[in-house]
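Here the structure is a predicted model, which is why all the values come from computation and not from measurement.
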There are 2 protein chains.
Amino acid sequence: MAIISRDFDAPPGTSAPTLEVPEVVIDRLPQYVRTLTQLLEEGVEVTNSQQLGAQLQVTPAQIRKDLSYFGRFGKQGRGYRVRHLLSELKQILGLDAEWNVAVIGVGRLGNAILNYPGFNPDGFHLVAAFDNNPGNVGTEVGGISVQPMTALANTVADRDITIAIVAVPSAHTQSVVDQLVACGVRAILNYTPINAQVPDGVRVRSIDPVLALQSMTYYLAYQGHPTNGHQTTG
Amino acid sequence: MAIISRDFDAPPGTSAPTLEVPEVVIDRLPQYVRTLTQLLEEGVEVTNSQQLGAQLQVTPAQIRKDLSYFGRFGKQGRGYRVRHLLSELKQILGLDAEWNVAVIGVGRLGNAILNYPGFNPDGFHLVAAFDNNPGNVGTEVGGISVQPMTALANTVADRDITIAIVAVPSAHTQSVVDQLVACGVRAILNYTPINAQVPDGVRVRSIDPVLALQSMTYYLAYQGHPTNGHQTTG
DNA sequence: TAGATTGTTAATCGATTAACAATC
DNA sequence: TAGATTGTTAATCGATTAACAATC
């Protein structure tokens, strides 16, 4: 393998690791952030790959390897300073910034999302809500005034919205996603059970509890064969 | 590789493929089920790995390989009969059965879950709700009378509950999961942002929208580098 | 210093994909 | 039959883990 130059001396916010970091590594970083946050709250000042691995149920080697994509954050013989590693990882993930989020669809699910208090503490601010039902437009949901879909492009630009949460009826998913992409939104959290097609450069993550249940029933159905417990987060 | 005997002639519900099927394959099967269901609704009677792959954004080879773990469901030169393949996959996943589910925690989130209409059509029946707050016990949520946690073991046994959905405050997650495991529950859908520890043989899937957002911000933060769009479902 | 733990390389493991004989 | 597509093997690719020199 060729020597990889990582340009960590470049101005923050403008550079990324030169060689692509595997997506599976990126997906683990938020979990590291969460565990480090917990340790910090417990007053733990120093940790190591062994301890982190035990908490997260991954091997210590994997944690060290994952971190090595981004730099050297520990000290041999000592481990990692929790506060420092946490701060670095948050910066890498862009979690030192605030993100403005739009919710599309204010039905039952959209309502629950807009009233869910769990996004704000992590820097995600629900700043706009849209619905194509005239009866919903103008109502207040979670303290936000619902706008018509026709206002999408302008509001996304005006309010610097970079992330959208889609909670519309399944039949509208692809159309809504297309509109979001056209407005320049490149990160979409999809609460509908539909696989939306997006162009390169746009990320979609789906929240799909039924899918999660449907893979677990496989193991319940074949109780005869002892299987290992396994935990998946998504 | 040794020859693998797959005992598909054994009585249904009592046998599993002799060699372990990779978990990543099991996790894809529900998506195949969903796509096949859509095709069926559209009146498509026959499909093939090419078409399925296009829909699901995976390679045709992967679909054929995944299916080969369980048997031979297609015909060379023709493809797969949608109705037949769908029925086989549902049986493999245990989706031809009905599953009784308990919801633990009837706060804001538990309320939304109990009122969410998306579980029942797929054979998951929310049949019981529990809460440790005496003020909530006895109230009706989503048509279900809330029971105290002390009733858990009895109700799980009486109502044949095999799956639980955890929607309690984070601090209670591990304790609730421990109680569920003690009652014999082996599949848990965890809506809290806590990594619960479970013994072998118990499955946990987490629904964690903040985690999903936090991995997408990485790609938003480094806009300079064009990245491929990618879609994850969990 | 001695002991501990990192960062990194090399080995292993497992999953994906390409290719093609079998066969509908 | 000729054409198409499966089921399966072998090749490739990528991710995880083990091992250890570097070094705090």
Engineer: Looking at residues at least two apart in the chain, or sitting in another chain, which of them share a side chain to side chain donor-acceptor pair (under 3.5 Å) with A/Thr35?
Structural biologist: none

Engineer: Please enumerate all residues that pass side-chain contact (heavy atoms from CB on, under 4.5 Å) together with B/Leu109, with sequence neighbours excluded.
Structural biologist: B/Ile113, B/Ala167, B/Tyr191

Engineer: Give, ordered by number, those residues of residues 43-54 of chain A having at least one heavy-atom distance below 4.0 Å to an atom of DNA chain D; if nothing qualifies, reply none.
Structural biologist: none

Engineer: List the residues meeting ring pair (Phe, Tyr, Trp, His ring centres under 6.0 Å) with B/Phe119, not counting sequence neighbours, and say none if there are none.
Structural biologist: B/Tyr116

Engineer: Write down the distance between CZ (B/Phe70) and P (D/dT8), rounded to a whole number of angstrom.
Structural biologist: 14 Å

Engineer: Is there a side-chain contact between A/Asp122 and A/Leu95 (heavy atoms, below 4.5 Å)?
Structural biologist: no

Engineer: Expressed in angstrom and rounded to an integer, what is the separation of B/Ile63 atom CD1 from D/dG7 atom P?
Structural biologist: 12 Å

Engineer: Among residues at least two apart in sequence or on other chains, which ones pass side-chain contact (heavy atoms from CB on, under 4.5 Å) with A/Ser175?
Structural biologist: A/Gln179

Engineer: Just to verify, which of B/Leu114, B/Ile207, B/Val101 counts as forming a side chain to side chain contact (heavy atoms under 4.5 Å, CB included) with B/Ile165?
Structural biologist: B/Val101

Engineer: Can a side chain N or O of A/Arg72 be found less than 4.0 Å away from OP1 or OP2 on C/dT8?
Structural biologist: yes

Engineer: Who pairs with B/Gln62 by side-chain contact (heavy atoms from CB on, under 4.5 Å), at least two apart in sequence or on another chain?
Structural biologist: B/Arg28, B/Tyr32, B/Val58, B/Thr59, B/Asp66

Engineer: Which residues pass the side chain to side chain donor-acceptor pair (under 3.5 Å) test with B/Thr192, not counting sequence neighbours?
Structural biologist: B/Thr173, B/Asn190

Engineer: Report the residues that fulfil side chain to side chain donor-acceptor pair (under 3.5 Å) with A/Gln38, sequence neighbours left out, ordered by chain and then residue number.
Structural biologist: none

Engineer: At a cut-off of 3.5 Å, list every protein nitrogen or oxygen paired with a nitrogen or oxygen from nucleotides 15-18 of chain C, distance to 0.1 Å.
Structural biologist:
| from | atom 1 | to | atom 2 | distance (Å) |
| --- | --- | --- | --- | --- |
| C/dT16 | OP1 | B/Arg28 | NH1 | 3.0 |
| C/dT16 | OP2 | B/Arg28 | NH2 | 3.0 |
| C/dT16 | OP2 | B/Gln62 | NE2 | 3.4 |
| C/dT16 | O5' | B/Gln62 | NE2 | 3.1 |
| C/dT17 | OP2 | B/Thr59 | OG1 | 3.0 |

Engineer: Distance-only criterion, 3.5 Å: show the donor-acceptor pairs between side-chain atoms of residues 78-90 of chain A and protein atoms not counting sequence neighbours.
Structural biologist:
| from | atom 1 | to | atom 2 | distance (Å) |
| --- | --- | --- | --- | --- |
| A/His84 | NE2 | A/Glu88 | OE2 | 3.2 |

Engineer: Go through DNA chain D and write down every stem, that is, every run of at least three consecutive Watson-Crick or G-U wobble pairs with distances under 3.5 Å, as range with range.
Structural biologist: C:3-24 with D:3-24

Engineer: Rounded to whole Å, how long is the line connecting atom CD of A/Gln76 with atom C1' of D/dC24?
Structural biologist: 6 Å

Engineer: Whole angstrom is fine here: how far is it from CZ in B/Arg78 over to C1' in D/dA4?
Structural biologist: 9 Å

Engineer: Sequence neighbours left out, what passes side-chain contact (heavy atoms from CB on, under 4.5 Å) with B/Pro169? Give chain and number order.
Structural biologist: B/His172

Engineer: Under 4.0 Å: is that the gap between some side-chain N or O of A/Tyr80 and OP1 or OP2 of D/dC24?
Structural biologist: no

Engineer: Distance check needed: C/dC24 P versus B/Arg81 CZ, whole Å only.
Structural biologist: 14 Å

